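Data block below; observations after.
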Amino acid sequence: MDNAQLLISGLANGCVYGLIALGFVLIYKATEAVNFAQGDFMMLGAFVTIGLTNTEYMGLPFWLALPISLGIMGALGYLLDRLIIRRMFGESQTAVVILTIALGFVIRFVAGLIWGHEPQTLQNPLAGKEVRFGGLVLGMEDVAVIVVTILLTWALYVFFSRTKLGLAMQGASQNQLAAYYMGVPVKRVQGFIWALAGVVAGIAGILFAAKGAVDPTTGLLGIKAFAAAVIGGFGSLPGALAGGLIVGIIEPFASRYIAAGYSQVAPYALLLAVLIFRPNGLFSQVRVKKV
Amino acid sequence: MRIIFKTNYMQDIRPWKDRHQLTLYLILPIVVAAAPWWLDDFYLGELTNVLIWAIAGLGLMVLTGHTGQVSLGHAAFLAFGCYANVVLIEAGVPFLIAFPLAGIMTGIAGVTVAIPALRLHGIYLAIFTMALSILMDDIIVLSEPITGGVSGKYIGGVEIFGHLVDRWGTPDQFFWLVLTVAVLVTLGYINLLRTPLGRSFIAARDSEVSAQAMGVDIARTKMISFALSCAVTGWAGALMGLFAGAFNNETFSVLISIQLLMMIVIGGLGSIHGAFLGAIVIGFLPQFLSISKEYVGALFGGNTVAIPGLEFGIFGMILIAFILFEPMGIYGRWLKIRTWFELFPFYRKDMFKRQKSYLKTERLR
């Protein structure tokens, strides 16, 4: 029963990692760029919602604040692409990586300026409620996290593989020039995907802030989500979720069964192992390069 | 307008372009070496710090700037060099042997890392090295008998030929020590770029496929690049340890890695000058900020507010501005300005225009 409890809490954490990883993968799948600021985006989403909902700020009702903050996050994602990322069109991937790392610094700084550096939690209707399931006690937030994550991953997966826009996005990343020839508005598609990534980060942020406290450095969690995305193989949405779950589940078990001090190493050790033995992730899409 | 008229092949290969340039670069180290006479102890310490960062930048520049392998984990090698140096000294090895040895050991560590990392490209390598940098923190804590764990290690001065060189006691001598290392590393770097090895680094960066077609052994080239890069970074780490005096597992965090990478991007990727220019920005930014904060505070009624994270925030903004408007960094800007003067009426806007390419996926090739 103890293990089951660990498993559930690991699953809930893993879902948050998975959600951030989804943001990474979304942007990677559609623009071939890696957004190192995705974790900070999540933190920003959490703070925007806290700013709208919590009584010491604006005190809007939770269900009203939810769509507003997701809208704000989407708009921010779009603006980011419009004002900054779009100028990088045609530049090397590395430049974009460094750019987004810098962006993360700036977001952390701005969030600290606006909301301060104290950890804060989101006041939400789910807080404190519990679900009893057999002998297990689940926090309502944990259940919400798991359900929302699975639904979102499924929806995004269907979106990418079934809809015209989703296919256009895949095409735009696989070969920009060919996508242009086929009449795909590559730049507009990219703007849309950044907005979408903003919304996903917003959802992740809201769920995270409902589960625990956020402060401006929470964004560094993105590094763990990064490990999740890589373990899942960077180009695959279900892979990202699976990677997130693996990282999330390993953590509580490692801290339980491995000597203290070694446990926090586990996700990164796993990451290194995956990169060494399967350099393109567990759910890899890479084939041999042809010249 | 200056015309360089080449009359033999050596002119292409030798490290300086003409006598004018050679004179300048001979005067520069002499002026810098005289710094203890024209700077007070505080700014001398800052200058020492800048030089140490520049050495670390040179180390990363070999790998990222010239071989095109992005590393977000060089703080791990800084830490390795730092601890290796101090542990060797504590074991009774004289500094003049311990110091080079620390670099060589870091280089070997770099090769060990490079073997699995060779299969990784672009961002995957960046992530791999980043994970390494995060793990280094835990590794230092776990190997407490050697590294002192969380409580860290202390080192006072080091003895060179029976003479105590200490950052606080004899700042000028410590400065000369750092300067000597910096000059030696720079000279080595300049020479490296003239050798077939250096050229193959650049070839591997620009196109692995073409380099391979020209007979460059990519795996070997990358491995040597890793080794050299890590060795130099190890030396920088050793000097950083001596400069700080005390350090523990958190001194060389992953943020230092990121800062190091951003430094060489701001300075200008793929140029030796870039490492130094970037180090100057990194080294003097905190001073500049605190001075300007006082100034702004005085302007608005005298109270200075401490804004946490300001340094990194400003740093990020500078970096974004550079990547958007001057991807070649400070050195690139300087090149443009110099070319403008050299070709005076004939400079054209498109002279430094970079070829942009349409993106193709790396996943489904």
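The structure presented is a predicted model; accordingly, all values stated were derived computationally and were not measured. In what follows, chains carry the letters A, B, and so on, assigned in the order in which the sequence lines appear, proteins first and then strands, with residues in each chain numbered from 1.
Proximity to chain A (any heavy atom under 4.5 Å) is restricted, for B:Leu255, to the side chain, taken from C-beta onward. Contacts between B:Ile318 and chain A at a heavy-atom distance below 4.5 Å are absent for every atom of the residue. Only the side chain of A:Leu271 comes within less than 4.5 Å of a heavy atom of chain B; its backbone N, CA, C and O stay farther away.
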Run the side chain to side chain contact (heavy atoms under 4.5 Å, CB included) check on B:Phe128 and A:Ile276 step by step: do they pass?
CA-CA 9 Å; B:Phe128 182 87; A:Ile276 290 170; 3.9 Å; yes

What do the steps show when you test B:Ile314 against A:Phe109 for side chain to side chain contact (heavy atoms under 4.5 Å, CB included), and what is the final call?
CA-CA 9 Å; B:Ile314 298 279; A:Phe109 168 62; 5.6 Å; no

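Among the candidates A:Val230, A:Leu272, A:Ile223, the single residue satisfying the side chain to side chain contact (heavy atoms under 4.5 Å, CB included) test with B:Ile127 is A:Val230.
Residue B:Met262 comes nearest to A:Ile98 through the heavy atom pair CE-O, 4.2 Å, listed as atom of the first residue, atom of the second, then distance. Taking each heavy atom of A:Ala102 and B:Leu319 in turn, the nearest pair found is CB-CD2, 3.4 Å. Between B:Ile258 and A:Ile101, the closest heavy-atom pair is CG2-CG2, 3.4 Å. Minimum heavy-atom separation, B:Gly316 to A:Phe105: CA-CB, 4.3 Å.
The 12-atom threshold is not exceeded at OH of A:Tyr157, counting heavy atoms of other residues, nucleotides or ligands nearer than 6.0 Å. Heavy atoms from other residues, nucleotides or ligands lying under 6.0 Å from CZ of A:Arg86 number more than 12. Other residues, nucleotides and ligands place more than 12 heavy atoms under 6.0 Å from the OH atom of A:Tyr257.
With chain A as partner, the option from B:Val70, B:Val141, B:Ile134 having the largest number of non-hydrogen pairs under 4.5 angstrom is B:Ile134.
The side chain to side chain donor-acceptor pair (under 3.5 Å) test applied to B:Thr112 returns no partner, not counting sequence neighbours. The side chain to side chain contact (heavy atoms under 4.5 Å, CB included) search around B:Ala211 returns B:Ala203, B:Val216, B:Ile218, not counting sequence neighbours.
Annotation: the span from B:Ile320 atom CD1 to A:Leu99 atom CG amounts to 5.5 Å, rounded to 0.5 Å.
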Sequence neighbours excluded and cut-off under 3.5 Å, please list the side-chain donor-acceptor pairs for residues 17-24 of chain A, or say none.
residue	atom	partner	partner atom	Å
A:Tyr17	OH	A:Glu251	OE1	2.8

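The stretch residues 34-44 of chain A places A:Val34, A:Phe36 near chain B, each with some heavy atom under 4.5 Å from a heavy atom of that chain.
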